Amino acid sequence: MHTPSIKTLLDGESPVSSILVRGWVRTRRDAKGFSFLELNDGSCLANLQCVVDEAVPGAQRLKEILTGAAVAVQGDLVPSPAKGQRWELKATSLELIGPAPEEYPLQKKRHSDEFLRSIAHLRPRTNKFGALFRIRSEASFAVHEFFRTQGFVHVHTPILTGSDCEGAGELFRVTALPRDSKEGAAADFFGREAFLTVSGQLEAEPLALSLGKVYTFGPTFRAENSNTARHAAEFWMIEPEMAFFDLTANMELAEAFVKAVARHLLEHCAADLALFNQWVDPQCLARLAQVAQEPFERLEYREAVRLLQAARDAGESFQYPVAFGTDLQTEHERYLAEKKFGKPVFLYNYPASIKPFYMRVNDDQNTVAAMDLLVPTVGELIGGSQREERLEVLQARMQAQGLDPAPYWWYLELRKFGSAPHAGFGLGFERLLMFVTGIPNIRDVIAYPRTPGNLEF
RNA sequence: UCCCCGGUAGCUCAAUCGGCAGAGCGGGUGGCUGUUAACCACUAGGUUGGCGGUUCGAGUCCGUCCCGGGGAGCCA
């Protein structure tokens, strides 16, 4: 028995006889002597309409087949005589695999995002989340495809780390000691404190200074008590790291990367993206097309401050003041990405005082070769920099920021043995998905979101 | 962590000034129909988030706790 996916069947050009389709019932409509079953198997957004005559074997259980039930339908794919669909399955037999009783929570109507989060195990069966997870999969593929085409080596950096001061937020502590143990870290599994990684960057740099161009794509953990629509305690980050790249080359790569993903999705996820364009964000498709085609804006931090001050003087009301040497507030980033330019904007050459020790000090001694990519609606999508490759400068920066150099001995040795200019960035995969779909909450672009106080599923 | 908003049927929501707890969808029963989130009629379904208080009377007012959301900070 042939078992094609519904996607294959609906994309087909000719009738197919004697096939088996298995999936979940989205709705049942009864007519005189037969029923319509709308079947979805997750392969695409569209359902397959199955026409089940009450005389067909198995049809006596039709009354038990409610929305959500898992069924198998054998039959022939034939042209549909009615409007609304090109093909339908004329059933020759029906099997109820797993019934869904009346309290099945998903109904044939719109549900709130909050409710769907409370049933994370069932929400992939909705149109919206089905579409999202297919897009997520394609985007993930596009990431690997881009870097592979560009000659990058995919490397895996550790999830467990012993470094508790990577300068990127609070860490989750990992221990193998019993909960009530009085013993110190020395008695623990690694003989020292252990944490979940907040970034693979420090470990990726040595690989870049060996293999040339590398990237990681893995889970990242932040124990920040952040309660916003764009922060999660566990998220997936893409971190390329390139030897002999300066900040400009870094930005060029970042732009080419985001454009490549946008183009891939436009080409391979048209139907799923159309759903988001219609129900979630009417700018979704236009924004993707713009990202794919138009050059991003590039702006020095110094110039951004000047623009923001000019905007304020022209009557733009900001809650927070703008001055050189302070980090930009969310309202400032949104103004630049949404109102001023209306497209992705690179800000670069930030004041050294507000950036971590590993970013390369510019010749003005005042700024570092850092760059952020700000995009409309989600804000910071990428953060990156050229890395400090000069040993003495790096040591001085660590000292200035009060860091103990001892645990970083291997990171410092990189600057001793064949040091070279290099650069890289980190991109939050979930934020990229928010940007391309228009979904406003990070909890709705990941299957099982981890946020403060939320570890169900 | 701070500020604001919310929690009523399986789901989405309503309930005037503190005065009988409601509708649509979903379920059941019956009808109708190559139907398209089908349609029509009937029907079942409630500890109004928890605890305490004010009151003749609390979904509504007060206190407190829990949960959720939005905004901010932090960041990707």
Side-chain angles (χ1 to χ4, degrees), chain A residues 26-38 46-53 63-64 66-68 78 80-85 88 90 100-119 122 126-127 166-170 197-201 217-239 254 319-320 327-334 354-356 371-375 378-384 425-435 440-446 451-454 456:
Chain A
R26 285 297 176 79
T27 176
R28 187 191 86 209
R29 292 183 295 272
D30 295 327
K32 188 137 193 106
F34 62 99
S35 292
F36 296 99
L37 291 182
E38 294 270 350
N47 303 322
L48 176 66
Q49 172 166 289
C50 303
V51 185
V52 185
D53 192 281
K63 283 285 181 194
E64 298 171 60
L66 305 175
T67 301
V78 298
S80 177
K83 284 180 182 157
Q85 60 283 318
E88 65 184 27
K90 182 76 179 157
E102 63 187 74
E103 61 266 26
Y104 180 65
L106 289 173
Q107 292 167 32
K108 298 180 287 183
K109 62 165 194 170
R110 215 189 116 70
H111 290 284
S112 68
D113 292 333
E114 292 81 1
F115 171 66
L116 291 173
R117 271 169 224 156
S118 73
I119 51 167
L122 295 174
T126 63
N127 286 340
E166 295 183 26
E170 301 286 317
T197 184
V198 294
S199 165
Q201 179 202 321
F217 185 177
T220 309
F221 306 88
R222 304 274 166 94
E224 294 284 356
N225 190 9
S226 293
N227 290 286
T228 81
R230 45 187 194 287
H231 288 87
E234 176 183 282
F235 62 100
W236 286 67
M237 191 152 66
I238 296 147
E239 294 181 285
Q319 194 185 341
Y320 295 90
D327 222 345
L328 298 183
Q329 304 291 316
T330 297
E331 59 176 352
H332 304 141
E333 297 181 349
R334 292 187 72 121
I354 58 172
K355 289 292 184 184
M371 62 96 165
D372 283 357
L373 180 65
L374 310 178
V375 300
V378 302
E380 186 177 345
L381 178 63
I382 286 175
F425 61 84
L427 177 143
F429 188 53
E430 281 76 16
R431 288 192 180 173
L432 178 65
L433 291 170
M434 292 168 72
F435 181 52
N441 197 310
I442 198 167
R443 296 169 180 86
D444 300 327
V445 294
I446 187 166
T451 51
N454 191 346
E456 197 67 52

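Just so we're on the same page: letters track the sequence lines, and every chain starts at 1. Treat the numbers as computed from the prediction; the structure is a model and nothing was measured.
- At a threshold of 4.0 angstrom between heavy atoms, the contacts of A:Phe435 with the nucleic acid are absent.
- Residue contacts shown for A:Leu432 are absent, as no nucleic acid heavy atom lies under 4.0 Å away.
- OP1 or OP2 of B:rC74 has not a single side-chain nitrogen or oxygen of A:Arg230 nearer than 4.0 Å.
- Residue contacts for A:Ser112: at a heavy-atom cut-off of 4.0 Å it reaches the sugar-phosphate backbone alone, with no base atom in range.
- Side chain of A:Glu331 to main chain of A:Tyr320: a donor-acceptor pair is present (N/O by atom type, distance under 3.5 Å, no hydrogens or angles).
- When distances are taken from the side chain of A:Asn225 to each of B:rA38, B:rG34, B:rU1, the shortest belongs to B:rU1.
- Separating the CZ atom of A:Phe115 from the P atom of B:rA9 is a distance of 12 Å, rounded to the nearest angstrom.
- To the nearest whole angstrom, the two P atoms, one in B:rG31 and one in B:rG69, are 46 Å apart.
- The heavy-atom pair separating A:Ala229 from A:Met434 by the smallest distance is O-CE, 3.6 Å.
- Between the C1' atoms of B:rU60 and B:rG27, the separation comes to 31 Å (whole Å).
- Checking the phosphate oxygens (OP1, OP2) of B:rA38, a side-chain nitrogen or oxygen of A:Arg29 falls inside 4.0 Å.
- A:Arg28 comes within contact range of no nucleotide atom at all, as no heavy-atom separation falls under 4.0 Å.
- To the nearest whole angstrom, the two P atoms, one in B:rA21 and one in B:rC25, are 24 Å apart.
- Across the C1' atoms, B:rU12 and B:rG26 are found 11 Å apart, a figure rounded to whole Å.
- Rounded to a whole angstrom, the distance from the C1' atom of B:rG50 to that of B:rG7 is 12 Å.
- Spacing between B:rG52 and B:rC13 at atom P, rounded to whole Å, works out to 30 Å.
- Contact annotation for A:Ile382: backbone-only contact, meaning every heavy-atom pair under 4.0 Å involves sugar-phosphate atoms and none involves a base.
- OP1 and OP2 of B:rA72 both lie 4.0 Å or more from every side-chain N or O belonging to A:Arg334.
- The side chain of A:Asn441 sits closest to B:rG69 out of B:rG69, B:rA72, B:rU35.
- Panel note: side chain A:Arg431, backbone A:Glu380; a donor-acceptor pair is recorded below 3.5 Å.
- A straight line from CD of A:Glu456 to P of B:rG68 spans 10 Å, rounded to a whole angstrom.
- A close approach under 4.0 Å does occur between a side-chain nitrogen or oxygen of A:Gln329 and OP1 or OP2 of B:rG73.
- Contact annotation: side chain of A:His231 to base of B:rC75, donor-acceptor pair present below 3.5 Å.
- With rounding to whole Å, A:Leu116 atom CG is found 14 Å from B:rG10 atom C1'.
- A:Glu430 comes within 4.0 angstrom of nothing in the nucleic acid, heavy atoms only.
- Judged by atom type and distance alone, A:Gln85 reaches the base of B:rU35 through a side-chain donor-acceptor pair under 3.5 Å.
- No engagement by A:Asp113 is indicated, since no non-hydrogen atom pair under 4.0 Å with the nucleic acid exists.
- Of the candidates B:rG10, B:rG34, B:rU12, the closest approach to any side-chain atom of A:Gln107 belongs to B:rG10.
- Nearest nucleotide to the A:Phe36 side chain, out of B:rG34, B:rG28, B:rC75: B:rG34.
- Nucleotides B:rC61 and B:rU29 are separated by 42 Å at their P atoms, to the nearest Å.
- Distances shorter than 4.0 Å separate none of the side-chain N or O atoms of A:Ser226 from OP1 or OP2 on B:rC75.
- Side-chain to base pairing of A:Asn227 with B:rU1: one donor and one acceptor N or O lie within less than 3.5 Å of each other.
- For A:Phe235, counting side-chain heavy atoms from C-beta on, the closest listed nucleotide (B:rA72, B:rA76, B:rU35) is B:rA76.
- The base of B:rG34 sits with one of its N or O atoms less than 3.5 Å from a complementary donor or acceptor on the side chain of A:Glu88.
- Note on A:Ser80: every side-chain N or O is 4.0 Å or more away from OP1 and OP2 of B:rG34.
- An OP1 or OP2 oxygen of B:rG73 is reached within less than 4.0 angstrom by no side-chain nitrogen or oxygen of A:Thr228.
- One finds a side-chain N or O of A:Arg117 lying less than 4.0 angstrom from the OP1 or OP2 phosphate oxygen of B:rG69.
- Searching all strands for a Watson-Crick or G-U wobble partner of B:rU8 with both distances below 3.5 Å returns nothing.
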